[in-house]
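Worksheet for the structure shown next.
Keep in mind that this is a model prediction, so the values were computed, not measured. Read the numbers this way: they start at 1 and go in the same order the structure lists the ligands and their atoms.
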Amino acid sequence: MKLIVNIGEIVGIVPEGVLRKQGAEMAETGVLKDAWLAIEDGLINGFGPMGTEPAGAEEVIDAQGGMVMPTFCDSHTHIVYAGSRDGEFLDKINGLSYEEIAARGGGILNSSDLLHETSEEELFRQAMDRVWEMMAKGTGALEIKSGYGLNPEDELKMLRVIRSIRESVPAVVKSTFLGAHAVGRGYSHEEYVQTVADMMPQAAEYADFVDVFCDEGFFTVEDTDRILTAGAACGLKPKIHANELAVSGGVQIGVKHGALSVDHLERTTDAEIEVLQGSATMPTMLPGSSFFLGIPFGRAKEFIGAGLGVALASDYNPGSSPSGDMRFVMALGCIRMRLTPVQALNAVTLNSAYAMGISDITGSITPGKRADFILTHPGWTLTKIPYTYQTPFIRQVFLNGQAL
Ligand code: NIG
Ligand code: FE
């Protein structure tokens, strides 16, 4: 047993069996001050107030008043990509929109061309650098999408890289087949949708989920319906890109197919809120993209007011969110979406774990869950993390009970 003692406070304590937070629950988190926490076999074994700690620990770590919180869960990333798109960054600074850059053959197709020329080993190496940076910044679970292959061979190359990452890191990694990210070069729209649907049995050997960029200029609700139907036949649950560029109907089709999450939602009407009410789908907002692209932030407060849960994720990708810093995502949640620090904490931990289907094993401080937590330097409180949003706060990240 490993014991952490003299913890200033533990935040993010959630009772066993609570898999997500919705509505008013978003404002609640369990807190224990002046505490110990025990780890056994990589799992949280228990916690309690100082003075009641168990005897016989093999290793004792003195937190010196530091805070313990769950590691971040990043339920939406595109971190397997080659190189960067810094040339487009200049186009963007000069005033071109995301859509204009894409229409000129930049954007996703640009990354797809680069990925095609990059070896699997090199792709893995580049992606691993990103994953290690994310883990060092406190991320303990992440979802990674394909979607820069855009033909069967290169999509499978991406899915193999994601599998290799999963096998190489202590974080929990989930894999999503996003063949329908853009129409691959050399295909008509119709041919490509059929190709993605036909790829499903092979993709399902690697992927946990299926995703479609259901948005203006990319894939329609009908395309999405077809692809999700093919995914369901292979046991793949959907996670959907919807309402980033326009009100797309993607939320409705996602909910109809029992999506685990519908993501982006920068442009949302009351109809989307209504269809999400009573569903098992987690609305997931990506404030890093809103920040980088200068588009609206999701209406998180209204969603919560309507009784819904909200998750926040990074969308780490070279075109719309070149950062996987979940502390910054949390800060944007507070500063730009006006979530309270506790609401933002729930959005970047338990609810984003739910959006990957793993909130039974991580995403909170709960006995029996993986010991995935951040130990902060002394003197830190939950509020200071998004408030002083760039000051280093992490003393050590523990994944599966081991310090990184
Ligand atoms: O989530 N919206 C679609 N996909 C990404 C952007 C990918 C890219 O530009 O490379 C996103 O924002
Ligand atoms: Fe995305």
request  = Assign the ring pair H241 / H181 to parallel, tilted or perpendicular, where the plane angle (0 to 90°) is split at 30° and 60°.
outcome  = tilted

Inset, instruction - May I ask you to decide if the ring planes of Y192 and F219 are parallel, tilted or perpendicular, using 30° and 60° as cut-offs? - result: tilted

May I ask you to list the atoms of ligand 1 that are less than 4.0 angstrom from any heavy atom of [X]?
X: I108; answer: 7 (C), 8 (C), 9 (O), 10 (O)
X: H264; answer: 1 (O), 2 (N), 11 (C), 12 (O)
X: H76; answer: 1 (O)
X: H181; answer: 3 (C), 4 (N), 5 (C), 7 (C)

Honestly, for Y148 the part within reach of ligand 1 (heavy atoms, under 4.0 Å) is side chain

Checking heavy atoms under 4.0 Å, the part of Y81 that sits near ligand 1 is neither

* To do: Say whether Y98 and ligand 1 are in contact under the criterion: heavy-atom distance to a ligand atom below 4.0 Å.
  => yes

Keeping the roles fixed (side chain from [X], backbone from [Y]), state whether a donor-acceptor pair exists under 3.5 Å.
X: T176; Y: L178; result: no
X: E155; Y: L150; result: yes
X: D74; Y: A313; result: no

- Item | Chi angles and distances behind the salt bridge (charged side-chain N to carboxylate O under 4.0 Å, His left out) call for D270, R299 | CA-CA 10 Å; D270 293 343; R299 297 158 58 189; 2.9 Å; yes

Q) So with a 6.0 Å cut-off around OH of Y187, is the heavy-atom count from everything else above 12? A) yes

Among all protein heavy atoms, pick the one closest to [atom] and tell me residue, atom and distance.
atom: atom 11 (C) of ligand 1; answer: D315 OD2, 3.1 Å
atom: atom 2 (N) of ligand 1; answer: E244 OE1, 2.6 Å
atom: atom 12 (O) of ligand 1; answer: S320 OG, 2.5 Å

Legend entry - Cationic N near anionic O, under 4.0 Å, R130 to E133: no

Problem set entry | E190/R226 ion pair, N-O < 4.0 Å | yes

Under 2.8 Å from the Fe ion (ligand 2), the protein N, O or S atoms found are H76 NE2, H78 NE2, H241 NE2, D315 OD1

When V397, L37, V11 are each screened for side chain to side chain contact (heavy atoms under 4.5 Å, CB included) with F373, the one that passes is L37

Q. Are side-chain N/O atoms of N351 and N346 paired as donor and acceptor at under 3.5 Å?
A. no

